[in-house]
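Contents: one structure, followed by commentary.
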Amino acid sequence: MTDDGIRVALPSGAEAFVARGTTAADALRALGERRVGEAIAVKVGDHVLDLSRGLVADATLAPVFPDSPEGLDVLRHSSAHLLAHAVKRLFPNTQVTIGPVIESGFYYDFKRAQPFTPEDLERIEATMRELASENIPVSRREMRRAEAIALFREMGEHYKVEIIEGIPEDHVSLYTQGDFTDLCRGPHVPSTGRLRAFKLTSVAGAYWRGDERNEMLQRIYGTAFPTPKQLKEHLALLEEAKRRDHRRLGRELDLFSFHPEAPASPFFHPKGAIVYNTLVAYIRDLYREFGYDEVLTPQILDVELWKRSGHYENYRENMYFTEADERQMAVKPMNCPSHCLLYADGKRSYRDLPLRLADFGRLHRYERSGVTAGLTRVRSFSQDDAHIFCAPEQIDAEVTSVVEMIFRTYDLFGFSERRIYLGTRPERSIGDAATWERAERTLREVLKRRGIAFEVHPGEGAFYGPKIDFCILDAMRREWQLGTVQLDFSLPERFDLHFINREGKEERPVMIHRALLGSIERFMAILLEHCAGDFPLWLAPVQVRLITVTDQQQAYAQQVVATLRASGLRAEADLRNEKLGYKIREAELQKVPIVLVIGEKEVAAQTVAPRRRGAGALPASDLPSFIASIATEARPGAPGGVP
RNA sequence: GCCACCCUAGCUCAGAUGGUAGAGCAGCCGAUUCGUAAUCGGCAGGUCGAGGGUUCGAAUCCCUUGGGUGGCUCCA
């Protein structure tokens, strides 16, 4: 190494000496990297930088291509800049704010008096295309903070000024492409021509700095990919998501509906009720196995109870209130206080613990209009909720057993990818610091001991205690929260709960709030979208549909239906005077798992000709062996059947 | 709650610039009696989410309101 030279290397080991200040792109060329032209950035150590960055010290370099995760981020970030560039060109009076990369694309927030219309979006996208085809070079420069503030102030970009004022460093970096300059950490593509596959997807309101007390900005969402083909695939995926939308399937499969008379409160139709109740039946089976006792508790309780539990203090804005006998009452948003009353009904011994009280009670929570959505966020629902009252030394075993129930259940439904989060103390909460500390440590230890990978979500705990949230990825790779385990030392305190321990002394139990599916409504929505309406046999509202070829077979068909029903199957007959193909098509569209075709031959031979959803015809068989062949699969909680 | 958009027959959707509603599917009736994803014909169905306004005239323009959708905030 010489004074004016530095040593650069590729991860493969190739080395070269170049002059200090050589750009990353030139250094890569000097190293014999052939695909420099395809790279959009460079990785120096752990940092992704512009290709035009001058190298000042020895470094190991790796080109960043658009199809790598880092490259995709650069591409999308630059697309956000291209969007801002186009907006400033079309609407010069607009102020720019921030434009980050998000999971499936990017967005940019703007301040403009006029709202952006869908037509504006088209014009903006067209302008983005023009700017891309002009292949404008993107350059970076650094500037003193004060200088940058002055510059953006002069440009009338007050939000940028505010952002820079919040940056502690002396210098900030600016990126310029043609007549557009933006404050940005970078890195960016070398020129706008590298952006070939992007699309603006929607406009939405968004608060400045994500605070609802601040003014509202206009956010434009978009997405970008390395190639047009990948963009197209992504858009096709969005179409598929639309096709699987549970609101749509709910209507098409006649499962549930919504009515303005009870906003955000689902009405389950007979078929939807079967799915719902079968899910509950599955959970009840688990409860039998894991030692839970089911209870039923009132819908409306005295406000005093909610004051005592802390809900009135912390949760009032989400509760419904009413009055009776001049007493203030509240509709329950949760079951826990009722379970505390149940626990306290009589002396408890350590021999009674753990006491696991399960409750499928209907809950009502007032959700602000605008946050509700289909079955995933409703105002009326029930959970597979339970509260475990146990001695402190039992916490570990109890949490462990809940985790087992959760994992087994998610496996059953084909949710094999999970993400687990530990939520710690939120701002609004009850209980002292030491108790919180203890509870958080307990949960952390259980997870660690079980070798379960998790992430910490600071401040995401419940107001009464820390929690572990169990999320899954569905078939569309979207993340949903389902189960939860929450430790609670506060409610036992507030309700002055105790049990008599081995020493004959009163001791405070711990309460564990937990759910596997979470809200049944929400779970049903997620499952419906996950399996695109193709429920496993045991959950299907109609398991078997008989289809007659002509009306000569009606009597036999009805007889078969009766036999199937007698053996516990949900069966029905389609006796309509329609062609076979028509009736089969309808059964397929209705996602009926098994169709039994009954024609002249079947009547004569006293058999049925089965047909599996999506798989076509199977050989005919006699009725008893057909029933035997599906018996296991039709039992609640039968494995398989979900992708 | 905030921003934007949407609401026409049970469903999916047509109905530039204001002249008072239309299709396919579903439904009903009839014909057809048929072998693994749509048989043919006919009939009926809407105070265009609701209320108010502008206008000679409103599904269409304006205001209010209800519901929904996509986001933001929230999800204890």
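Below, chains carry the letters A, B, ... as their sequence lines are ordered, and counting in each starts from 1.
- Using a 4.0 Å cut-off between a side-chain N of Lys or Arg and a carboxylate O of Asp or Glu, A:Glu521 and A:Arg379 do not qualify as a salt bridge.
- For A:Arg219 and A:Tyr107, the positive end sits near the middle of the six-membered ring, less than 6.0 Å away and at most 45° from its axis.
- Distances shown here put every side-chain N or O of A:Arg522 at or beyond 4.0 Å from the OP1 or OP2 atom of B:C75.
- The stretch residues 596-603 of chain A touches RNA chain B through A:Val597, A:Gly599, A:Glu600, A:Lys601, A:Glu602, each having a heavy atom under 4.0 angstrom from the strand.
- Between A:Arg365 and A:Glu317, no side-chain nitrogen of the basic residue sits less than 4.0 Å from a carboxylate oxygen of the acidic one, so the salt-bridge criterion is not met.
- Classification of A:Lys467 and A:Glu460 as a salt-bridged pair fails, no side-chain N sitting under 4.0 Å from a carboxylate O.
- Rounded to an integer number of Å, the gap from A:Arg213 CZ to B:C2 C1' is 14 Å.
- At a threshold of 4.0 angstrom between heavy atoms, the contacts of A:Asp211 with the nucleic acid are absent.
- For the pair A:Leu121 CG and B:G71 C1', the computed distance is 13 Å after rounding to whole Å.
- Rounded to an integer number of Å, the gap from A:Met319 CE to B:C75 P is 16 Å.
- Here the nucleotide nearest the side chain of A:Tyr366, chosen from B:A38, B:U36, B:G1, is B:G1.
- Within 4.0 Å of A:Gly518, counting heavy atoms only, lies no atom of the nucleic acid at all.
- For B:U12 and B:U55, the C1' atoms lie 34 Å apart once the distance is rounded to whole Å.
- At a threshold of 4.0 angstrom between heavy atoms, the contacts of A:Leu589 include nucleobase atoms, whether or not backbone atoms are also involved.
- Taking the ring axis of A:Phe381 as reference, the NZ or CZ atom of A:Arg522 does not stay both within 45° of it and closer than 6.0 Å to the ring centre.
- As rounded to whole Å, 12 Å separates atom P of B:A38 from atom CD of A:Glu586.
- Atom name P, nucleotides B:A16 and B:U33: the rounded distance is 46 Å, in whole Å.
- We find that NZ of A:Lys583 is positioned 14 Å from P of B:A38, with the value rounded to whole Å.
- Put simply, A:Tyr107 has no side-chain N or O that comes within less than 4.0 Å of OP1 or OP2 on B:G70.
- No contact: A:Tyr312 has no heavy atom under 4.0 Å from any strand.
- At the heavy-atom level, A:Ala609 lies under 4.0 Å from base atoms of the strands shown.
- Between the side chain of A:Asp574 and the backbone N or O of A:Arg576, at least one donor-acceptor pair lies under 3.5 Å.
- Note on A:Arg365: a base of the nucleic acid sits closer than 4.0 angstrom, heavy atoms only.
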Q: At under 4.0 Å between heavy atoms, which parts of nucleotides 3-11 of chain B does protein reach? Answer with one letter per nucleotide, 5' to 3': B base, S sugar-phosphate only, - none.
A: BS------S
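- Counting any heavy atom pair closer than 4.0 Å across all strands shown, A:Arg611 reaches a base atom.
- Using a 4.0 Å cut-off between charged nitrogen and carboxylate oxygen, A:Arg514 and A:Glu398 do not count as a salt-bridge pair.
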Close N or O pairs between protein and nucleotides 43-49 of chain B (under 3.5 Å):
none

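- When heavy atoms are screened at a 4.0 angstrom cut-off, A:Gly210 is found touching the sugar-phosphate backbone but no base atom.
- Taking atom C1' on both B:G70 and B:U54, the two are 32 Å apart, rounded to the nearest angstrom.
- Remark: A:Arg247 is not in phosphate contact with B:G68, judged by side-chain N or O atoms under 4.0 Å from OP1 or OP2.
- Helical stems involving RNA chain B, defined as 3 or more consecutive Watson-Crick or G-U pairs under 3.5 Å, span B:1-7 with B:66-72, B:10-13 with B:22-25, B:27-31 with B:39-43, B:49-53 with B:61-65.
- For B:U73 and B:U20, the C1' atoms lie 44 Å apart once the distance is rounded to whole Å.
- Note on A:Asp551: a base of the nucleic acid sits closer than 4.0 angstrom, heavy atoms only.
- Taking atom C1' on both B:G24 and B:G45, the two are 15 Å apart, rounded to the nearest angstrom.
- Checked by atom type and distance alone, the side chain of A:Arg377 never pairs as donor or acceptor with a backbone atom of A:Thr372 at under 3.5 Å.
- For the pair A:Arg316 and A:Tyr312, the cation sits on the ring face: its NZ or CZ lies under 6.0 Å from the ring centre, inside 45° of the axis.
- Contacts of A:Lys242 with the nucleic acid, taken as non-hydrogen atoms under 4.0 Å apart, are absent.
- Using cut-offs of 30° and 60° on the angle between ring planes, the pair A:Phe110 and A:Tyr108 is parallel.
- A:Glu578 comes within contact range of at least one nucleobase, with a heavy-atom separation under 4.0 Å.
- Judged by closest nucleotide on RNA chain B, A:Pro610 is the one of A:Pro610 and A:Ser202 placed further toward the 5' end.
- Atom CD of A:Glu479 is surrounded by more than 12 heavy atoms from other residues, nucleotides or ligands within 6.0 Å.
- In this pair, A:Phe415 and A:His530 present their aromatic rings tilted. The plane angle is within the 30 to 60° band.
- Separation of the C1' atoms belonging to B:U36 and B:A31 is 24 Å when rounded to the nearest angstrom.
- A distance of about 15 Å separates the C1' atoms of B:A50 and B:G68, rounded to the whole Å.
- Rounded to an integer number of Å, the gap from A:Arg576 CZ to B:U36 P is 18 Å.
- For A:Thr550, the listed nucleotide lying nearest its side chain is B:C34; candidates were B:U39, B:U36, B:C34.
- Side-chain N/O atoms of A:Ser79 and A:His77 include no donor and acceptor closer than 3.5 Å.
- Listed by chain and number, the residues in a side chain to side chain donor-acceptor pair (under 3.5 Å) with A:Arg418 are A:Asp411 (sequence neighbours excluded).
- Residue contacts shown for A:Ala264 are limited to sugar-phosphate atoms, with no base heavy atom under 4.0 Å away.
- Listed for the A:Asp109 side chain is no donor-acceptor partner under 3.5 Å among the backbone atoms of A:Ile98.
- For the P atoms, the distance linking B:U60 with B:G51 amounts to 12 Å, nearest Å.
- The residue among A:Gly461 and A:Tyr221 whose nearest nucleotide of RNA chain B lies closer to the 5′ end is A:Tyr221.
- Side-chain atoms of A:Tyr207 stay outside donor-acceptor range of the base of B:G71, with no qualifying N/O pair under 3.5 Å.
- Among residues two or more places apart in sequence or in another chain, the ring pair (Phe, Tyr, Trp, His ring centres under 6.0 Å) test is passed with A:His364 by none.
- The base of B:C75 sits with one of its N or O atoms less than 3.5 Å from a complementary donor or acceptor on the side chain of A:Arg377.
- Applying the side-chain hydrogen bond (donor to acceptor under 3.5 Å, both in side chains) test between A:Asp245 and each of A:Arg248, A:Lys242, A:Arg247 identifies A:Arg247 as the sole match.
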